[in-house]
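Here is the structure we will look at, set down as structure tokens.
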Amino acid sequence: MALKIYNSLTRQLEEFVPLHEGKVLMYSCGPTVYDYFHIGNARTFLVSDIVRRYLEYKNYTVTLVQNLTDIDDKIINRANEQGIDCCQLAQKYVDAYFEDSSKLGIRSADVHPRATEHISEIISLIQTLIDKQAAYEIDGDVYYRVNHFAEYGKLSHRKPEDLLAGARVEVDERKEDPRDFDLWKKSKAGEPWWDSPWSKGRPGWHIECSAMAMKHLDETIDIHTGGHDLIFPHHENEIAQSEVATGKAFVRYWMHVAFLQIDGRRMGKSESNFIFVHDAVQQYAPEAIRHFLISAQYRHPLDYNPTSLKESSSAVRRLNNCIDALGPYRDVAGDALEGLNDAEAVRLLESINTMRDDFEATMDEDFNTAGALGTIFKFVGEVNQFLAATDNTASEERRSVLSQAYRSLVEVCSVLGIYTEEEVASDAHAALTEELMNLILEVREDARERKDWDTADKIRDQLEQLNIELQDSRGGTTWRILKGAKG
RNA sequence: GGCGGCGUAGCCAAGUGGUAAGGCCGGAGUCUGCAAAACUCCUAUGCGUCGGUUCAAUUCCGACCGCCGCCUCCA
């Protein structure tokens, strides 16, 4: 099956063929670290994470680079407000970025380059552009000469004249053309600066991504992801800078993530209607937040509201219940599933295969995570049905198929990050917990024998307070520590 | 003005030229001391409106209505 990606550049679904077979070079636009990131930002980061995971699932070797913009007007302003150094401010939010994104299960990129650590690469790229007449210096500032690049506007599908007509561009009289943008900004008093051939100053916003993508990946990369708002001007400018500098295509597949909305409006820093991931993870389980963020296809707007998060929490609980129920079969050996006699087992095996095929077919269509969730939950229902018809003395055949169901389910859920396998609790502490629980359950069982329901219910209720859930069934009482109990 | 997106059950959301995945909530049952979980059944003759093409459209075409976004920093 072939993966297809919607390429913003062509506005079409295209079959994904990486430049180098089996290898994918991927760049994800990361945060500007002047504040915590909100769940709208998280949506984009999460999409990158899932694209990467799915490509790995398809056996590609992925190199993912995600930048950290650690010098910028907003950082300077915010640092001034707080009376601290830009570096301190940036470092604080870099740390927060890693902490919060890791809570959401977003894996670190292979490289997280910072703008301030690539000043020399940036300067040399700017110099190349100047040498090629694609940039010019005025009073220590360097501007990109948009007119020099005939294809300017090809990503955002804008005509040069339209860009002028809109004319919300701040007019700087010194620029040759209002559309020209900063490559290097001369520093004003009190601003941080780096030495350059033109002035003591700092890089413009767009140039860092070109420089760092080329340094850590290549002059042509396969996939570049970012929020929809970055199409213009950020990514348009990246193309202009990079392609003039190298004479090569910069990015082969551009992916842009639609906005997360709140109350029907875009969640944005400038709208003051955002919810920090930092706060959301206090309230909802990471898997629930992920489930919510991927419950719509990434190119469709998604509206945030507490109800949706609650729905996702419930959905994730259903999934966890199913996987937990499969847990006991996890380590059953054997793939030898030829010649099954048990018709039910055969049917479940077919369900497993169907689920995997459907999952892949759906994800192959431009990472349709919402559809993928559908296939997973359909399968959950089938597994539950099978389990309901299977008692504790399941046959070897059934145990083996259940084991396979477990592994398949965990694998696809891991691609989406909506299920995290718990570390095997094997320390002394866990063993003690186990024994204590056995003791408690034994006492409770005695109470139940006597029909002393008050005592039995008291034990159950108080354990629940400790996030331990008891379930009485014919086969006895089971317990488990609730995951994602925040929701 | 230019470019783009969205409108599918109470809510969220897939999807297809041939008759609507999945989740949540709700209702009725099974199981259970009760609960929880799970299971069973029920919940859109209809996919914004109006036209057109077609044997057949929610799916294609056109018009319209409503909502949103980008064109300026924002994922």
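Atom set for the values below is all heavy atoms of this structure, side chains included, hydrogens, waters and symmetry mates excluded. Below, read A as the first sequence line, B as the second, and so on, with proteins coming before strands; counting in each chain starts at 1.
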Point to revise | For Glu411(A), salt bridge (charged side-chain N to carboxylate O under 4.0 Å, His left out) partners two or more places apart | key: Arg356(A)

Revision key, fill the gap. Applying salt bridge (charged side-chain N to carboxylate O under 4.0 Å, His left out) to Arg265(A) and not counting sequence neighbours gives none

Point to revise | Contacts of Glu99(A) that satisfy salt bridge (charged side-chain N to carboxylate O under 4.0 Å, His left out) - sequence neighbours left out | key: Lys103(A)

Practice item. List the protein contact pattern of nucleotides 3-10 of chain B with one symbol per nucleotide (5' to 3'): B for base contact, S for sugar-phosphate-only contact, - for none; contact means a heavy-atom distance under 4.0 Å. Key: SSSS----

Practice item. Identify, with sequence neighbours excluded, every residue that meets side chain to side chain donor-acceptor pair (under 3.5 Å) alongside His224(A). Key: His235(A)

Exercise for review: Could you list the residues that satisfy ring-ring contact (aromatic ring centres under 6.0 Å, His included) with Phe98(A), not counting sequence neighbours?
Suggested key: His112(A)

Check your understanding: By ring-ring contact (aromatic ring centres under 6.0 Å, His included), which residues pair with Phe359(A), not counting sequence neighbours?
Key -> Tyr57(A)

Practice item. Can you sort out the partners of Glu191(A) under side chain to side chain donor-acceptor pair (under 3.5 Å), two or more places apart, ordered by chain and number? Key: Arg202(A)

Check your understanding: Where along nucleotides 33-40 of chain B does protein come under 4.0 Å, by heavy atom, of base (B) or sugar-phosphate alone (S), with - for untouched nucleotides?
Key -> BBBBSSSS

Exercise for review: Would you indicate, yes or no, if rC11(B) has its OP1 or OP2 atom less than 4.0 angstrom from a side-chain nitrogen or oxygen of Asn305(A)?
Suggested key: no

Review point. Quick one: side chain to side chain donor-acceptor pair (under 3.5 Å) partners of Glu151(A), sequence neighbours excluded?
Key: Lys154(A)

Review point. If you look at every strand shown and take non-hydrogen atoms under 4.0 Å, does Glu464(A) touch a base, only sugar-phosphate, or nothing?
Key: nothing

Revision key, fill the gap. Stems in RNA chain B, runs of 3 or more consecutive Watson-Crick or G-U wobble pairs with both distances under 3.5 Å, sorted by first number, are B:1-7 with B:65-71, B:10-12 with B:22-24, B:26-30 with B:38-42, B:48-52 with B:60-64

Practice item. Go through the structure and list residues passing salt bridge (charged side-chain N to carboxylate O under 4.0 Å, His left out) with Glu350(A), not counting sequence neighbours. Key: none

